[in-house]
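Working notes for the structure below.
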Number of protein chains: 2
Amino acid sequence: MKKAETTRLTILQKAFELIYVNGYQTTSIDEIIATTQVTKGAFYYHFKTKDEMGLAIINEILKPTLTKSFIEPLQKEQNPLVAIYNLMDNLLMKNEFLKVEYGCPASNFTQEMTPWNVDFGKALNEITKEWTEVMTSTIEKGKENGFIRKEVNAEQVTIFVLSGYWGIRNFGKLENNKKTYLPYLKQLKIYLKSLE
Amino acid sequence: MKKAETTRLTILQKAFELIYVNGYQTTSIDEIIATTQVTKGAFYYHFKTKDEMGLAIINEILKPTLTKSFIEPLQKEQNPLVAIYNLMDNLLMKNEFLKVEYGCPASNFTQEMTPWNVDFGKALNEITKEWTEVMTSTIEKGKENGFIRKEVNAEQVTIFVLSGYWGIRNFGKLENNKKTYLPYLKQLKIYLKSLE
DNA sequence: CCAAAAACATACTACTTAGTATGTTTTTGT
DNA sequence: ACAAAAACATACTAAGTAGTATGTTTTTGG
């Protein structure tokens, strides 16, 4: 990788972490360049504005990250009910990067940036769309393979499950303890079983 | 009401609306005193800091509001499954104050303020605790009255339902359309029916 | 009615913010 | 090797921020 590209990526990655912890508004450019050891000139050579950087973070950091940890696991299991439960269990209890006190980065961004920044909303919507589409088609396949009852509405279940995930992340922030996730996971398991 | 109390309440109410729409960080004191027609001297006579005002908003505006629209409806119905569904339907589809593009004020506050402000977290946690306790006991009563199966875990269901609500609020922000709520509500109904 | 306290008004400060102007250094293609 | 472009560095600006200093007006209790 070229050195200039490295600089750019360093900014995006460090800024992403800072924003995940502190929020977008409260993470200043000065803070970003201080922790990355990059000067202001370098920063503004790579990004015209702070929002351009924010968009780049969503598209170049958040999106591939979520694809890897949210989407791929769904495609590797044949039984979608098992896949969904294991995905949630991994995201909530085992993922090393996602911290209970900081919530879900995608959810944080959505909460903080929409509706007042249209571009952010669009970019985040694309990510969500990808996730819901994959989960929906996974469920559909599960119906064909006899894992799930035929009368189950795949899209409804997807939205229901995703909502639960985002919501329990919020709950975790409040309680600041992963134990909060346990009753959610238990009930999720029961709910998923009801779809068999 | 005394005039001074009126001033204080005006500040809290207008600030609450501004924060609901724009977020806490991006709502400045100057903006608040401009829209309330209250001078800076008056503002800082009533509140020592911005955060003191924020806390007052949570305790004096948000808390009673949520009690009225989130908790009381649960206590007026005997069948908890009907009560929960109608509550969600009202909050999502019919409530005039809550707008799809701005989400749920309690959720917004939680997302934006915790964990970096401990006092905010505590105050918000109390509100949530109240809601979950009422919903849990409502479900327990429903078990005794034969509306809900005995083996259902009330606390699990409460957390599951509340998570879904917060999550779908986030979804609504992304889509900026109340229609997003419909598949969630349909699936919620099915889920609740499975508890009978 | 009138002094003391409460309530409000105005002008200011110190600091932070995103962004710019104007450089210098490094890389790159020929 | 060397000019041109890319990449980075430093010092600055203008606008905003929360909060303060120092007043004036209004209310209140005796």
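These values consider heavy atoms only, across backbone and side chains, with no hydrogens, waters or symmetry-generated copies. The structure displayed is predicted, hence computed values, not measured ones. Lettering follows sequence order; numbering is per chain, from 1.
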Checklist entry - Mind checking whether A/F43 and A/F47 have parallel, tilted or perpendicular rings, split at 30° and 60°? => result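 Rings of A/F43 and A/F47: tilted, 30 to 60°.
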Next on the checklist: Using 30° and 60° as the class boundaries, would you call the ring planes of A/W131 and A/Y165 parallel, tilted or perpendicular?
Outcome noted: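 Geometry flag for A/Y165 against A/W131: perpendicular rings.
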Checklist entry - How many Å lie between CD on B/E5 and P on D/dT28, as a whole number? => result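 To the nearest whole Å, that distance equals 12 Å.
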Checklist entry - How long is the line joining CD1 of B/I11 and C1' of C/dA7, in whole Å? => result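 In whole Å, C/dA7 C1' lies 11 Å from B/I11 CD1.
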Checklist entry - For C/dC8, does either OP1 or OP2 sit under 4.0 Å from a side-chain N or O belonging to B/H46? => result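 Looking at the OP1 and OP2 atoms of C/dC8, one of them is under 4.0 Å from a side-chain N or O of B/H46.
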Next on the checklist: Taking 4.0 Å as the cut-off, does a side-chain nitrogen or oxygen of B/T7 come that near to OP1 or OP2 on C/dA7?
Outcome noted: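 So the side chain of B/T7 is outside the cut-off, no N or O lying under 4.0 Å from OP1 or OP2 of C/dA7.
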Next on the checklist: Tell me if the aromatic rings of A/Y181 and A/F171 count as close, with their centers under 6.0 Å from one another.
Outcome noted: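 Not close enough - the centres of the two rings lie 6.0 Å or further apart.
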Checklist entry - Just checking, is any N or O donor in the side chain of A/Q75 or A/T138 under 3.5 Å from an acceptor N or O on the other one? => result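 Short answer, no.
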Checklist entry - Among side-chain atoms of A/Y85 and A/N90, is any donor-acceptor pair under 3.5 angstrom? => result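 No, no side-chain donor-acceptor pair sits under 3.5 Å.
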Checklist entry - For DNA chain C, which residues in residues 12-40 of chain B have a heavy atom at a distance below 4.0 Å? => result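 Correct list: B/T39, B/K40.
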Checklist entry - Considering every strand shown, what is the Watson-Crick or G-U wobble mate of C/dT10 when both distances are under 3.5 Å? => result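 Base-paired to D/dA21.
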Item to check | cation_pi(A/K186, B/F160) dist<6.0 Å, angle<=45 | outcome: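 Here A/K186 fails the 6.0 Å and 45° test against B/F160.
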Item to check | Cation-aromatic face contact A/K141/A/F147, 6.0 Å, 45 degrees | outcome: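 Geometry flag: not set, cation outside 6.0 Å or 45°.
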Checklist entry - Side chain of A/Y45: nearest nucleotide among D/dA6, C/dA7, C/dT27? => result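 For A/Y45, the side-chain atoms sit closest to D/dA6.
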Item to check | Nucleotide nearest A/Y44 when distance is taken to its side chain, options C/dT20, D/dT20, C/dC8 | outcome: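 Between C/dT20, D/dT20, C/dC8, the one nearest the side chain of A/Y44 would be C/dT20.
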Checklist entry - Does B/R8 come within less than 4.0 Å of B/E60, counting only side-chain N to carboxylate O? => result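 B/E60 and B/R8: salt-bridged.
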Next on the checklist: If you take any heavy atom closer than 4.0 Å to DNA chain D, which residues from residues 47-62 of chain A end up in contact?
Outcome noted: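 Per residue number, the list is empty: none.
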